[in-house]
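Some notes on the structure that comes next.
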Amino acid sequence: MSILYIILGAVVVLWGADRLTDGATALAQRMKIPQIVIGLTVVAMGTSMPEFFVSLMSALHGTSDLAVGNIVGSNIFNTMAIVGIAAVVAPMTISRNTVRKDIPFAVLASALLLMMCYNLEISRWEAAVLFVVFIIFMVYTVRMGMKNGDEQAIEQPPMALWKSVGLLILGLLCLVGGSDLFVNGAKSVAKMLGVSDAVIGLTVVACGTSLPELATSIVAARKGQSAIAIGNVIGSNVFNILMILGITGMVLPMNIQGITTLDLSVMMGSMVLVWLFSYTKYTVERWEGALLTVGFIGYMTWLVVHAV
């Protein structure tokens, strides 16, 4: 049954990602909102819901390592596996504004978490700081996105408003429901292997809850919607740290024991690497995507070997 849940969850997530991308693109077109804003806000928040629910419930059940490991692992998965695979599928064109302003914000969020985890604890006031920075990011993103409305490309006749909103909601529901099936099945298998909460959070749960981001970004990249693909990844990374850990930490302070400096450094380093790649002609090339993917596989292999 656990294996069946994993397969069924993956299928539902992939189907939902297709609906979500179509709905988000149509909504951005109809409302004359730049695609990067939709990717950084609506799509990023929707695809981050699995991480939010898993982290919040994990903290409430006293497994803080699983909660933080989920976020750290998800961000590593986003920047290395998702950007890597999406770039291999189709080179990702990134706007100058995204490279100079949005990605640095994601790097800042990673640096904040790295500093807060130094004493192996995220207190309520530290979580509050994260959430305040998140509010600032949201206000800044919307304002800057509206100023750069010329980044939007209209390539097809507008879709009916009810249909685009319906696709968006349907896609989000499938993403959350499918991810929940996947994570429950994967957690059951991992528990049977006797793996720690931190390692489960960094690997199985992180990859499972990041399925929406992976599916959405790959589908968007394949359809030539690079703005939504990269915006989804950057927005999700910021949401994961600032919103999810901000809210979770304010509800219940978190003690962290199993998350190592290496894990946090890989999270920070991978985001910086994507930032550097983006500066080369404002494009993440296929070979750069392949390098990120190989790096992710190496990190996962290291975790599994040391967990046994």
Side-chain angles (χ1 to χ4, degrees), residues 48 51-52 54-81 102-138 140 195-207 209-210 233-276 292 295-296 298-300 302-307:
S48 289
E51 285 94 334
F52 175 67
V54 169
S55 292
L56 181 60
M57 295 308 295
S58 297
L60 291 175
H61 283 86
T63 53
S64 297
D65 279 347
L66 181 59
V68 180
N70 175 35
I71 298 305
V72 174
S74 292
N75 280 19
I76 292 173
F77 187 88
N78 287 350
T79 51
M80 299 187 79
D102 297 323
I103 297 180
F105 214 108
V107 173
L108 172 63
S110 299
L112 277 174
L113 180 59
L114 182 64
M115 290 186 292
M116 290 180 179
C117 289
Y118 182 76
N119 62 350
L120 301 179
E121 181 183 8
I122 298 179
S123 63
R124 278 197 172 91
W125 76 266
E126 289 174 326
V129 169
L130 291 176
F131 191 71
V132 168
V133 176
F134 167 71
I135 298 299
I136 295 173
F137 169 74
M138 289 299 296
Y140 163 81
V195 182
S196 70
D197 288 334
V199 173
I200 291 176
L202 287 165
T203 55
V204 177
V205 177
C207 294
T209 55
S210 290
V233 169
I234 297 169
S236 292
N237 279 16
V238 173
F239 276 52
N240 287 348
I241 295 175
L242 301 182
M243 185 192 78
I244 296 177
L245 288 184
I247 294 176
T248 302
M250 286 190 292
V251 172
L252 188 70
M254 294 177 285
N255 291 313
I256 309 161
Q257 300 297 329
I259 310 301
T260 67
T261 302
L262 174 65
D263 301 321
L264 295 166
S265 297
V266 171
M267 178 192 69
M268 179 74 182
S270 61
M271 193 69 249
V272 172
L273 194 58
V274 169
W275 190 17
L276 294 176
L292 287 169
F296 175 76
Y299 170 69
M300 286 290 107
W302 186 91
L303 280 178
V304 171
V305 169
H306 286 75

Approximate separation, where rounding is to 0.5 Å, of M138 CE and L242 CG: 11.0 Å

Derivation of the side chain to side chain contact (heavy atoms under 4.5 Å, CB included) call for I234 and T79: CA-CA 8 Å; I234 297 169; T79 51; over 6 Å; no

Criterion side chain to side chain contact (heavy atoms under 4.5 Å, CB included) on L273 and M80, from CA distance to verdict: CA-CA 9 Å; L273 194 58; M80 299 187 79; 5.8 Å; no

Close side-chain approach of F239 to F137, heavy-atom, < 4.5 Å: yes

Test item: M271 and W275 side chains (from C-beta on) under 4.5 Å apart, heavy atoms: no

Nearest heavy-atom neighbours spanning I259 and G69: CD1-CA, 3.5 Å

Aromatic ring pairing F105/Y140, orientation class (parallel under 30°, perpendicular over 60°, tilted between): parallel

Min side-chain heavy-atom separation I135-V132 under 4.5 Å: no

Worked check of side chain to side chain contact (heavy atoms under 4.5 Å, CB included) between L202 and V72: CA-CA 7 Å; L202 287 165; V72 174; 3.9 Å; yes

Any side-chain heavy-atom pair of F134 and V129 under 4.5 Å: no

Any L245 side-chain heavy atom under 4.5 Å of L113 side chain: yes

Heavy-atom check, side chain of I241 versus side chain of M267, under 4.5 Å: yes

F52 side chain near I247 side chain, heavy-atom distance below 4.5 Å: yes

Verdict with supporting geometry, V251 and R124, side chain to side chain contact (heavy atoms under 4.5 Å, CB included): CA-CA 8 Å; V251 172; R124 278 197 172 91; over 6 Å; no

Over all atoms of both residues, closest heavy-atom pair of A59 and T248: CB-CG2, 3.5 Å

Validation row: L262, W302 side chains within 4.5 angstrom (heavy atoms): yes

